[in-house]
Amino acid sequence: QVQLVESGGGSVQAGGSLRLSCAASGYGYSRYYMAWFRGGGVREGVAAMDADGRTCYADSVKGRFTVSQDNADNILYLQMNSLKPEDTGMYYCAAARWAPWNALAPAGYNYWGQGTQVTVSS
């Protein structure tokens, strides 16, 4: 069982930066597959990291967003640079015990945080 708590959201102007954090607790966190999603009813995969630290990104954020994790403190980060108004939304952290068939599809993840809001104004 993994519990996830996101933080770091806020309001910024276009071109600005934010860093989201996801604090994870629960046994064996470091061997979980982790990802960031955004949106409401239909969640869009933004970035993912597998249990070996390999990453992948949605085309819309490549070169602007970076996912990383601190295994010592059980925290997953999402550094977001050059933010655009279309990046606005609720951002969720997710975890999966087994490798998802598609790292950026929400169906593969078992555990979710409550989300943190990001608002980018033009």
Below 4.5 Å, heavy atoms only, C-beta onward: do C93 and L4 meet side chain to side chain?
yes
Between the CG atom in L18 and the OG1 atom in T119, the distance rounded to the nearest 0.5 Å is 9.5 Å
CD of Q114 to CE of M90: how many Å apart, nearest 0.5 Å?
9.0 Å
Rounded to the nearest 0.5 Å, what separation is found between the CD atom of Q79 and the OG atom of S68?
8.0 Å
Any side-chain heavy-atom pair of M49 and R54 under 4.5 Å
no
Are Y109 and Y33 an aromatic pair, judged by ring center distance below 6.0 Å?
no
Do V118 and M80 have side chains that approach each other closer than 4.5 Å (heavy atoms only, starting at C-beta)?
yes
State, yes or no, whether a side-chain contact exists between N81 and F65 at a heavy-atom distance under 4.5 Å.
no
Does this structure show an ion pair linking K84 with D87, if we count only N-O contacts that are shorter than 4.0 Å?
no
Measure the spacing between CG of L78 and OG of S21 and express it to the nearest 0.5 Å.
9.5 Å
Is there a path of hydrophobic side-chain contacts, each under 4.5 Å between heavy atoms, that joins Y57 and L104?
no
Just verifying a value: how many Å separate S11 OG and L83 CG, rounded to the nearest 0.5 Å?
11.0 Å
Donor-acceptor contact present, side-chain Y32 to main-chain A94, <3.5 Å:
no
Which value, rounded to the nearest 0.5 Å, describes the distance between R19 atom CZ and T66 atom OG1?
11.5 Å
Does W36 belong to the same Ile/Leu/Val/Met/Phe/Trp/Tyr cluster as Y111, with side-chain heavy atoms less than 4.5 Å apart forming each link?
yes
Distance only, no hydrogens: is a donor on one side chain within 3.5 Å (strictly under) of an acceptor on the other, for Q3 and S25?
yes
Would you confirm whether the ring centroid of W112 sits within less than 6.0 angstrom of the ring centroid of F37?
yes
Tell me whether R38 forms a cation-pi arrangement with Y92, defined as NZ or CZ under 6.0 Å from the six-membered ring centre and within 45 degrees of its axis.
no
